[in-house]
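One structure below.
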Amino acid sequence: MATQPAHLVHGMGTAMEAPTWPAITADEAAAVIARFPAAGRLTGLHWHSPRPFSAATLAHTTQGAFLLKRHHYSVRTVEGLAEEHAFIAHLAGAGMSVPEVMATADGATAVASGAWSYELHRQAPGADLYRDSLSWTPFVSRAHAHAAGMALATLHEAARSFTAPPRRPQPLVASFTILPAADPIAAAEAYVAARPALAAFLESRPWPRELRRLFEALGQGLAPLLAEQTPLWTHNDWHPSNLLWASDGSVRTAFDFGLADRTCAVHDIATAIERTAVRWLELGQGTGDIGDPAAALALLAGYATTAPLGRADIEAIVRLLPLVHLEFALSEIEYFTAVVEDPASAALAWDDYLIGHAAWFQSAPGRDFLRAIETGAPPR
């Protein structure tokens, strides 16, 4: 079978880039799919994902359409994939619409070959309206934000009986060890010390002082608020392009659980707002007024139709928002230093995505954004 033409992928900004990971070829896909008996025989590849941290393709077979995803083993092992697959299976058993994860003849949901780990998902129902959008593209309407909030609450309700421990340390997972700590700087130092490439990158920076300044300005009282929250497995990457949509504008299917881990509901809600209601890709382009509090309030209103939020929950969300990206930004830096040796993207993750995002919430537009969520009314 012939290889597919080269394609571009999303980068850390708005420009499309050459992919870090080579596209999955038809021969490669056929060999992997053959290890999943229920998937049938490959008949063609019809799309390559523009997401940057792995390679994925939509494969058509004699048994339908499937998403084949390939990871470097240093990012996801078969065992690491099994952790998120167990969560997906639990959600499916609870009635949540999620992709069906295919299994090999011996029941494995991921397979290894050389330097790669593979997973195969049956194409899930729903329209992929944001398929080619950048990951942090806002919702196109308040109605979509409201529907996404409703679906997120449904996911959290389904997740409450999933009791697996947190995931093992690995790059590109939204873990939850720094923000809830009584001493978050000590927790951050432990996090960094356990990741040599991350530690080497930060060695020349006064990073503990920078984090201490952020926590003194934005994190006071956060740990006691989070101590009141029930631990919960969460999605941690809830944005429009990880959702499939029904014709009535509701969410039909949620997918891409690669960042899922044991955090808490307000952490997942804050992450969803941070990734969908602030136009981060416009940060530094001449205006600081990049927030959309009405979209955030629509998402919260949708969530509350299924799972009401108390004042303590709203306060925790408001206090989390400026810092909620911190741990994943550190995980991105680990990926860019330990896996792909891309110091420029690592610097962007620290300077813009970690420090810059938190600093925006200290600006006048950022403070207005938080105040709107706290009061439940967008500024006029």
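Keep in mind that what you see is a predicted model, and the values were worked out from it rather than measured. Values below: all heavy atoms of this structure, side chains included; hydrogens, waters and symmetry mates excluded.
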Are side-chain N/O atoms of [X] and [Y] paired as donor and acceptor at under 3.5 Å?
X: Asp106; Y: Thr104; value: yes
X: Glu28; Y: Tyr118; value: yes
X: Thr234; Y: Thr263; value: yes
X: Tyr130; Y: His144; value: yes
X: His60; Y: His46; value: yes

Spacing of [X] atom [atom1] and [Y] atom [atom2] [to the nearest 0.5 Å]:
X: Arg209; Y: Glu216; atom1: CZ; atom2: CD; answer: 11.5 Å
X: Arg167; Y: Asp261; atom1: CZ; atom2: CG; answer: 6.5 Å
X: Thr253; Y: Glu100; atom1: OG1; atom2: CD; answer: 12.0 Å
X: Asp292; Y: Thr276; atom1: CG; atom2: OG1; answer: 8.5 Å
X: Phe215; Y: Leu323; atom1: CZ; atom2: CG; answer: 5.0 Å
X: His146; Y: Arg142; atom1: NE2; atom2: CZ; answer: 12.5 Å

Should the pair Arg275 and Phe328 be classed as cation-pi, given the thresholds of under 6.0 Å to the six-membered ring centre and 45° from the axis?
-> yes
Does NZ or CZ of Arg195 come closer than 6.0 Å to the centre of the six-membered ring of Tyr191, within 45° of the ring's axis?
-> yes
Given 3.5 Å as the limit, does a donor-acceptor pair link the side chain of [X] with the main chain of [Y], or not?
X: Trp280; Y: Glu274; answer: yes
X: Asp351; Y: Leu348; answer: no
X: Thr61; Y: Gly40; answer: no
X: Tyr353; Y: Leu326; answer: no
X: Thr375; Y: Arg371; answer: yes
X: Trp360; Y: Leu283; answer: no

Does a salt bridge link [X] with [Y], judged by any charged N lying under 4.0 Å from a carboxylate O?
X: Arg252; Y: Asp128; result: no
X: Lys69; Y: Asp256; result: yes
X: Glu119; Y: Arg70; result: no

Table please: side-chain donor-acceptor pairs of residues 293-308 below 3.5 Å, with sequence neighbours left out.
unit_1 : atom_1 : unit_2 : atom_2 : d
Tyr303 : OH     : His156 : ND1    : 2.7
Thr305 : OG1    : Gly302 : O      : 2.6

Applying side-chain hydrogen bond (donor to acceptor under 3.5 Å, both in side chains), name anything that partners His239, two or more places apart in sequence or on another chain.
-> Asp237, Ser241, Asn242
Return all side-chain donor-acceptor pairs below 3.5 angstrom for residues 170-185, not counting sequence neighbours, or 'none' if the list is empty.
unit_1 : atom_1 : unit_2 : atom_2 : d
Gln170 : NE2    : Glu83  : OE1    : 3.0
Gln170 : NE2    : Arg168 : O      : 3.0
Ser175 : OG     : Glu327 : OE2    : 2.7
Thr177 : OG1    : Glu327 : OE2    : 2.8
Asp183 : OD1    : Ile185 : N      : 3.4
Asp183 : OD1    : Ala186 : N      : 3.1

With under 30° as parallel and over 60° as perpendicular, where do the rings of Phe162 and Phe87 fit, or are they tilted in between?
-> tilted
Would you sort out whether Asp368 and Asp289 count as a side-chain contact (heavy atoms from CB on, under 4.5 Å), showing the intermediate values?
-> CA-CA 10 Å; Asp368 288 344; Asp289 191 12; over 6 Å; no
